[in-house]
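What follows is a single structure, written as structure tokens, with notes after it.
Fair warning: this is a prediction, and the values are worked out from it, not measured in the lab. When a ligand or atom number is given, it counts from 1 through the structure's own listing order.
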Amino acid sequence: MEHDTLTYDELLSLNRELKQQLEEATDAIEAIRTGQVDALVVNNGSGHELYTLKTADQTYRVFIEKMNEGAVTINREGLVLYSNTKFAAMVKMPLEKVIGLTFRTFVHPSAFEKFERLVNKAWEEDCKEEIELITANGEAIYCLLSCNTLELDEGPALSLILTDLTLLKETENQLRIKNLELAAAHADTEKLNNELEDAVKERTKELYLSREHFKYLANNIPQMSWTNLPDGKVDYYSPQWGDYTGLSFDETTGLDWPDTLHPDDVATTSAKFINSLKTGEIFEVENRYKRADGVYRWHLNRAVPLHNENDEIVFWVGTATDIEEQRQQLEKKDEFIGIASHELKTPLTSLKGYLQLISSYKNKDIGPSVKPYIDKANMALNKLQRLINDLLDVSKIQAGKLEYAFSEVDVSELIKTCVENAGHVNPSYNFIVQDGHHLFINGNAERLEQVMMNFINNSVKYSPESKKIIIKSSVHDEKVRISVTDFGIGLSEDQKERIFERFYRVEDKKYMTSGLGMGLYISAEIIRNHNGLIGVESDLGKGATFYFELPLMPVSE
Ligand code: ADP
């Protein structure tokens, strides 16, 4: 029919006919797809051909339509006779367009050859293979293509079932990546594990070594050593302890102090130890331990607490160092000091006598130029006498023989005498007395004057820049407190604790002064003999207040 020569009416009816044909075709496709009919008319160029599906019952169609795979039927020429909605969706083309096209349209060009081979084979036997398809907008899709031959009325056809592998491939890929990540994580964990294991091994080794170190050390030092649990119970003694006491571990742990300690040392030792257990302070005491042969030897005992990370005491490490020889040498030294100072005292006394004799001569008998020398000799002699007296006192204290008589002492009188003496010798210093009381104590005036003069002389000695010194008396709780305050170099906390020890002096090169560190030791002993209290308050660099307190004498009616 020549279309360009048709009239408008003819064209209108042709259009109507074509439209009807199209509607019929669409209906037919829809009908087949939904299982209402089971035949299809295809125009294959040489006229219309009718295809009927032999097995076409409705259940089967619905099933095919609903399944998740693409389902297509092609004829010998490869034309698509049937497609389910899923396949159309897979290749992103409207369903009506898919039917009637050759299936090759949807095969990726790179897979043409494979597809031909597969289809050829499929006519002989059922087969399946992975193949790459292409969508209408050119995207590749991986599919598994299963081919089965079908017997239709008009001849054989091929049923193609297409399973989209894209998701599978993607999942596989993801799985591969996850597997790699897992392997890497596994390797990391393994490495960490190995490191951890190494660290544990190292720590175990360190622990072993440190225990061995401790044992080696404990077994080879000359001291006896032990460890105590926080409650004080001994849980280890070094072999030296057994060697010294002649007791086994079991024999010794159940013992009380008196079994191994000198009876005179039990009270101080146990008091100090109990105090350390309570406060966590380092335990230190000198005492005598009984040797296996019954001989007591002096030891320096120390126990130091070991804390854990929570600052709790885990155990105590104790040592006892034999100081018997040092003690004996110290005693010999004290003996020597005693004898020497005694021996020195005799010629000193005669010297003093002769000097007094010379001083009593009239001025005309000795020339005026000689007089200052006599004064200087007198001063030097006084200093020497004080030193020798101090030495004698120290050896007397050591021997427990510092004895003196007690009587009523007027405190104000005592202060007055001392301040007068000090002012006479140190005219450049300003001594301020704060004493508003008239009090009496029971004591030895000479010895108490010695203490006060030691305080005052130290104040002068250790305050080279500030010249003010305050001497004060105060009363509280039936006690009098006499203090000497200076504004000199002062003392640190550590120094304060030690200054009352025998021969202790602060090692400060800046303020080197002469002295032997005996004055405060003797003072402390004198005050102790008076049942009093001695002490110091001081801030380094700001000065110091030395004081003593003594019980007041009851006022007689
Ligand atoms: P000495 O004065 O002979 O050294 P002491 O026993 O009197 O001995 O004093 C012991 C130590 O105490 C002194 O060496 C000194 O370091 C310190 N000291 C004593 N008095 C004072 C003070 N007023 N200010 C600062 N330090 C002092």
Test item: side-chain donor near acceptor, His530 and Asn442, under 3.5 Å
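Result is no, nothing qualifies.
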Compute the shortest N/O to N/O distance between Tyr462 and ligand 1 and return yes if it is under 3.5 Å, no if not.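 So ligand 1 has an N or O lying under 3.5 Å from an N or O of Tyr462.
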Does an N or O anywhere in Val506 fall below 3.5 Å from an N or O of ligand 1?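 Checking ligand 1 against Val506, an N or O pair does fall under 3.5 Å apart.
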Relative to each other, are the rings of Phe455 and Phe548 parallel, tilted or perpendicular (30° and 60° limits)?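 If you compare the ring of Phe455 with that of Phe548, the planes turn out tilted.
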ask   = What part of Gln495, side chain, backbone, both or neither, has a heavy atom within less than 4.0 angstrom of ligand 1?
value =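 Within the 4.0 Å criterion, Gln495 makes no contact with ligand 1.
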Protein contact to atom 9 (O) of ligand 1 [nearest heavy atom, distance to 0.1 Å]: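 Its nearest protein heavy-atom neighbour is Leu520 CD1, 3.5 Å.
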Just list the side-chain donor-acceptor pairs under 3.5 Å for residues 335-348, sequence neighbours left out, or say none.
from, atom 1, to, atom 2, distance (Å)
Ser341, OG, Ile337, O, 2.5
Ser341, OG, Gly338, O, 3.2
Lys345, NZ, Asn389, OD1, 3.3

Which ligand 1 atoms, with their elements, are less than 4.0 angstrom from a heavy-atom of [X]?
{"X": "Ile499", "value": "11 (C), 12 (O), 17 (C)"}
{"X": "Tyr504", "value": "10 (C), 11 (C)"}
{"X": "Lys461", "value": "1 (P), 2 (O), 3 (O)"}

Gly517, Gly488, Ser538, Gly490: member with heavy atom nearest to atom 1 (P) of ligand 1: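 Nearest option to atom 1 (P) of ligand 1, by heavy atoms: Gly517.
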For residues 309-317, run the donor-acceptor check on the side chains, cut-off 3.5 Å, and write out each pair with its distance to 0.1 Å, sequence neighbours left out.
from, atom 1, to, atom 2, distance (Å)
Glu312, OE1, Asn308, ND2, 3.0

